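From a predicted model like this one, the values you see are computed outputs, not experimental measurements. Just so you know, ligand 1 is whichever comes first in the structure, and atom 1 is the first atom listed for that ligand.
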Amino acid sequence: MATILKGARAAAALDEKTLAAISGLRARGIRPGLGILRAGERPDDLAYERGAIKRCEKLGIAVKSVVLPENVNHHALIAQLQRLNSDSSVHGVLMFRPLPAHIDERAACEALMVSKDVDGITSGSAASLYTGGGDGFAPCTAEAVISILRNYGVQIEGKRAAVVGRSLVIGRPVAMMLMQRNATVTICHSRTENLAEITRGADIVVAALGRAETLTAEYFSPGQTVIDVGINYSEAKGRLVGDVDFEAVEPIVEAISPVPAGVGSVTTAMLARHVVKAAGGAL
Ligand code: NAP
């Protein structure tokens, strides 16, 4: 039976360090604050926002939510971002994406100050991730993947990793972070030929393709560690499922993260950590 890589364990370890850093900040009269900017009422955003607020309240991080109508115009949205940029009680900003289609999303991302970009959406943050320098933050979900691997003591150095997905928010940053930790990384995508051959040959497989239960038993081999980032609603099962067919794959591999209760549970803990770090917390 595979080890189940539960997110709660990695999240608890992160929270413990975050709490210690918050008490250090308190002693200096600083209360860390998160600003949330949401345009519209997408159920996914609302679910994530609830989780983030709950985590922040538990840790003692103040939250300021700015909710805009879905038809908000570009200038009004940028003005709200600028307000959050200049608000000294807000140390980090989470802006939900995708933004409504009529908004220039890239321009909106770049309007955020890099020092408050706790979810790695600006090109300044990307530059620090890809160059290994600077103070920017990596996207929370991508860093949550690394956090689970570290928490369960999975060796990364020297190992072969296959990352399925090349989005800017997950696939690419995860691949970069694995490479920085000396894994040999193959980045796979929808045009990759012989995907199963590549994933079967890897020691670590990160599934971030956004396609329900697509990676079935033939994509895996014994001894592997599998991190499933996917969050998909299965009509047939009436619940959330990952990108990996968990029931078929779990008996084959060495370790696997579940969905739900895997990567998703670590993401808000990572967000809180980033906010506290942005506030000057010792982390
Ligand atoms: P995305 O932007 O849609 O990117 C999906 C990537 O997977 C693309 O690079 C795509 O290739 C590739 N892909 C799609 N179908 C494929 C296939 N059949 N074989 C190989 N590669 C394939 O998705 P994302 O934003 O990265 O999100 C990925 C998943 O993570 C989603 O299920 C999302 O809900 C989930 N997610 C989870 C969290 C969390 O906290 N756990 C947070 C955010 C997102 P091309 O580039 O060639 O199109």
Heavy-atom gap C188 to ligand 1 smaller than 4.0 Å: no

Backbone of E197 reached by a side-chain donor or acceptor of N194 within 3.5 Å: no

Where ligand 1 meets A208 - atom numbers and elements under 4.0 angstrom, heavy-atom basis: 5 (C), 6 (C), 7 (O), 28 (C)

Presence of salt bridge, R211 and D243, under 4.0 angstrom: no

Taking every non-hydrogen atom, the tightest pair across T199 and V205: O-CG2, 3.6 Å

Region of L209 that comes within reach of ligand 1 [heavy atoms, distance under 4.0 Å]: both

Under 3.5 Å: N/O of R166 near N/O of ligand 1: yes

Contact check: I231 vs ligand 1, nitrogen or oxygen atoms, below 3.5 angstrom: yes

Residue, atom name and distance, where the atom is the protein heavy atom closest to atom 31 (C) of ligand 1: G210 CA, 3.5 Å

Heavy-atom nearest neighbour in the protein, as seen from atom 40 (O) of ligand 1, with distance rounded to 0.1 Å: T267 OG1, 3.0 Å

H189 side chain to R166 backbone, donor-acceptor under 3.5 Å: no

Side-chain donor or acceptor of D119 paired with backbone N/O of L94 under 3.5 Å: no

Side chain, backbone, both or neither: the part of T192 lying under 4.0 Å from ligand 1 by heavy atom: neither

D203 (side chain) donor-acceptor with R160 (main chain) under 3.5 angstrom: yes

Test log, rule side chain to side chain donor-acceptor pair (under 3.5 Å), inputs E213 and S234: CA-CA 9 Å; E213 299 181 311; S234 162; 5.0 Å; no

Check: V241 main-chain N/O paired with N232 side-chain donor or acceptor under 3.5 Å: yes

Nearest option to atom 43 (C) of ligand 1, as decided by whichever heavy atom of I170, T199, T268 sits closest: I170

Residue, atom name and distance, where the atom is the protein heavy atom closest to atom 24 (P) of ligand 1: S167 OG, 3.7 Å

Electrostatic pair R38:E70 at N-O distance under 4.0 angstrom: no

Residue, atom name and distance, where the atom is the protein heavy atom closest to atom 10 (C) of ligand 1: S190 N, 4.2 Å

For V229, atoms of ligand 1 separated by under 4.0 Å from a heavy atom: 30 (O), 35 (C), 36 (N), 37 (C), 41 (N)

L209 and C188: CA distance, side-chain angles, deciding distance, side-chain contact (heavy atoms from CB on, under 4.5 Å) verdict: CA-CA 9 Å; L209 53 152; C188 310; over 6 Å; no

Per atom 25 (O) of ligand 1, closest listed option by heavy atom (V174, I227, V169): V169

Atom 13 (N) of ligand 1 touched by protein (heavy atom, under 4.0 Å): yes

Ligand 1 atoms in contact with V263 (distance to a heavy atom under 4.0 Å): 41 (N)

Part of R211 within contact of ligand 1 (heavy atoms, under 4.0 Å): side chain

Lys NZ or Arg CZ of R200 over F220 ring: under 6.0 Å, within 45°: no

In one Ile/Leu/Val/Met/Phe/Trp/Tyr side-chain cluster, 4.5 Å: L149, V229: yes

Top protein contact for atom 38 (C) of ligand 1, by heavy-atom distance: T141 CG2, 3.6 Å

Atoms in ligand 1 with a heavy atom of V164 nearer than 4.0 Å: 20 (C), 21 (N)

Residue, atom name and distance, where the atom is the protein heavy atom closest to atom 20 (C) of ligand 1: H189 O, 3.2 Å

Backbone or side-chain N or O of R191 under 3.5 Å from ligand 1 N or O: no

Structural part of D44 in contact with ligand 1, heavy atom criterion under 4.0 angstrom: neither

Subset of ligand 1 atoms that lie under 4.0 Å from at least one heavy atom of N232: 32 (O)

Numbered atoms and elements of ligand 1 in range of G264, under 4.0 angstrom, heavy atoms: 40 (O), 41 (N)

Atom 19 (N) of ligand 1: nearest protein contact (heavy atom, Å): L195 CD2, 3.8 Å

Summary of side-chain hydrogen bond (donor to acceptor under 3.5 Å, both in side chains) pairs that have at least one residue in residues 264-273, sequence neighbours excluded: R55-T268

Sidechain-backbone polar pair: Q80 side chain, L77 backbone, donor-acceptor under 3.5 Å: no

